[in-house]
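Below: one structure, written as structure tokens.
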Amino acid sequence: MSSEKIRGLIIRENFYGESDKFLIIFAKDIGKISVFAKGARNTKSKFLASSSLFTYGDFIIRTATKTPTLISADVIENFYGIRSNFSAAAYASYFAEFTDKAFLENIPDNNALLLILKSLQKLSNESLDPRLAGCVFQLRLLDILGYRPDEKTTALYSLGNEALSAVNYILSVPLNSAFSIKASKELIRELEYFTEKYIEYHIDIKLKSYKILKDLIMKD
């Protein structure tokens, strides 16, 4: 039996049949991979806790079949703190959907994996505004995808000096430091407007999770 150990984050789960799941795992050195988890929705399943959305862990998969099949899993982090905060959970869902839609399968990008892991970790910290975490995630992911905003492009959106400085700071400092930026509500709103329009122009993907953010969280 051929098997492989992968380390990654579950960014999507699709229910199949009465008790099974198909998992989309964003894995180190591999990228997106679809994995079948038989019986994972059964309350007595050994995969019940390790096959849920936002689970980061080590997964042993059987590779001899057409679709890799989950054999065992060891959880490294479940980010439980996110699940008790509606805003954090909504942003986590957006990060996962954005990552899922932005990458094809089997295209490795460890920088993107580190970004979403660090973003989920920061969302678990209730002292950080989820909306600010959203701005940092979007700007850093745009950079990874090859759409780094520069002075020429930011000038098209009439950003104020403070917002321009914030964009430059977020893109130039180490990832952990990017989340430590101090921002007023007004600055966050300006960054949100810029990232939304910039993503619409350069990527143009429709995300259900982003509509939820706009309708329920980003109204004020």
Applying a strict under-4.5 Å side-chain criterion to I, L, V, M, F, W and Y, I'd like to know whether [X] and [Y] cluster together.
| X | Y | result |
| --- | --- | --- |
| Tyr169 | Leu171 | yes |
| Leu70 | Leu48 | no |
| Val167 | Tyr201 | yes |
| Leu213 | Tyr193 | no |
| Leu128 | Val173 | yes |

>> Does Leu120 form a side-chain contact (heavy atoms from CB on, under 4.5 Å) with Leu9? I'd like the steps, not just the answer.
In response: CA-CA 11 Å; Leu120 294 179; Leu9 175 76; 3.8 Å; yes

Hey, does [Y] have a side-chain heavy atom less than 4.5 Å from the side chain of [X]?
| X | Y | value |
| --- | --- | --- |
| Glu13 | Ser51 | no |
| Ser52 | Arg83 | yes |
| Phe79 | Leu123 | no |
| Lys118 | Val136 | no |
| Phe15 | Lys21 | yes |
| Ile10 | Phe59 | yes |
| Pro108 | Ile30 | no |
| Asn125 | Phe179 | no |

Which atoms form the tightest heavy-atom contact between [X] and [Y], and what is the distance?
| X | Y | value |
| --- | --- | --- |
| Lys211 | Asp215 | NZ-OD2, 2.7 Å |
| Gln138 | Thr195 | NE2-OG1, 3.3 Å |
| Ser3 | Ile71 | CB-CD1, 4.1 Å |
| Ile82 | Ser124 | CG1-OG, 3.5 Å |
| Pro130 | Ala88 | CG-N, 4.2 Å |
| Thr69 | Val35 | C-CG1, 4.1 Å |

> Any side-chain donor-acceptor pair under 3.5 Å between Asp150 and Thr153?
Replying inline: yes

Determine whether a donor-acceptor pair (N or O, by modelled atom type, separation under 3.5 Å) exists between the side chain of [X] and the backbone of [Y].
| X | Y | value |
| --- | --- | --- |
| Arg131 | Glu192 | no |
| Asp143 | Arg148 | no |
| Ser180 | Asn176 | no |
| Asn78 | Thr55 | no |
| Ser45 | Arg41 | no |
| Lys32 | Asp100 | yes |
| Glu190 | Gly160 | yes |
| Arg12 | Ala96 | no |

From [X] atom [atom1] to [Y] atom [atom2], the distance as rounded to the nearest 0.5 Å:
| X | Y | atom1 | atom2 | answer |
| --- | --- | --- | --- | --- |
| Ile24 | Asn14 | CD1 | CG | 6.5 Å |
| Ile76 | Asp74 | CD1 | CG | 8.0 Å |
| Thr99 | Leu113 | OG1 | CG | 9.0 Å |
| Glu77 | Leu117 | CD | CG | 9.5 Å |
| Asp129 | Ile188 | CG | CD1 | 4.5 Å |
| Leu175 | Leu115 | CG | CG | 6.0 Å |

Could you label the plane-to-plane angle of the [X] and [Y] rings as parallel, tilted or perpendicular, counting under 30° as parallel and over 60° as perpendicular?
| X | Y | result |
| --- | --- | --- |
| Phe103 | Phe26 | tilted |
| His202 | Tyr147 | tilted |
| Tyr91 | Tyr94 | perpendicular |

> Taking NZ, NE, NH1 and NH2 as the nitrogens, is one of them in Glu186 or Arg189 under 4.0 Å from a carboxylate oxygen of the other?
Replying inline: yes

>> For Lys208, is there an ion pair with Glu97 - N to carboxylate O distance below 4.0 angstrom?
In response: no

> Do you know which of Phe54, Phe137, Tyr56 makes side chain to side chain contact (heavy atoms under 4.5 Å, CB included) with Ile116?
Replying inline: Phe137

> Are Phe95 and Ile11 close enough, and set up right, to give a side-chain contact (heavy atoms from CB on, under 4.5 Å), and what steps lead you there?
Replying inline: CA-CA 9 Å; Phe95 297 166; Ile11 59 173; over 6 Å; no

> Are Tyr210 and Met218 close enough, and set up right, to give a side-chain contact (heavy atoms from CB on, under 4.5 Å), and what steps lead you there?
Replying inline: CA-CA 10 Å; Tyr210 188 72; Met218 296 166 58; 3.5 Å; yes

> Which is it for Ile33 and Ile61 under the side-chain contact (heavy atoms from CB on, under 4.5 Å) test, yes or no, and what are the steps along the way?
Replying inline: CA-CA 11 Å; Ile33 181 172; Ile61 58 175; 3.9 Å; yes

>> Does Glu151 have more than 12 heavy atoms from other residues, nucleotides or ligands lying within 6.0 Å of its CD?
In response: no

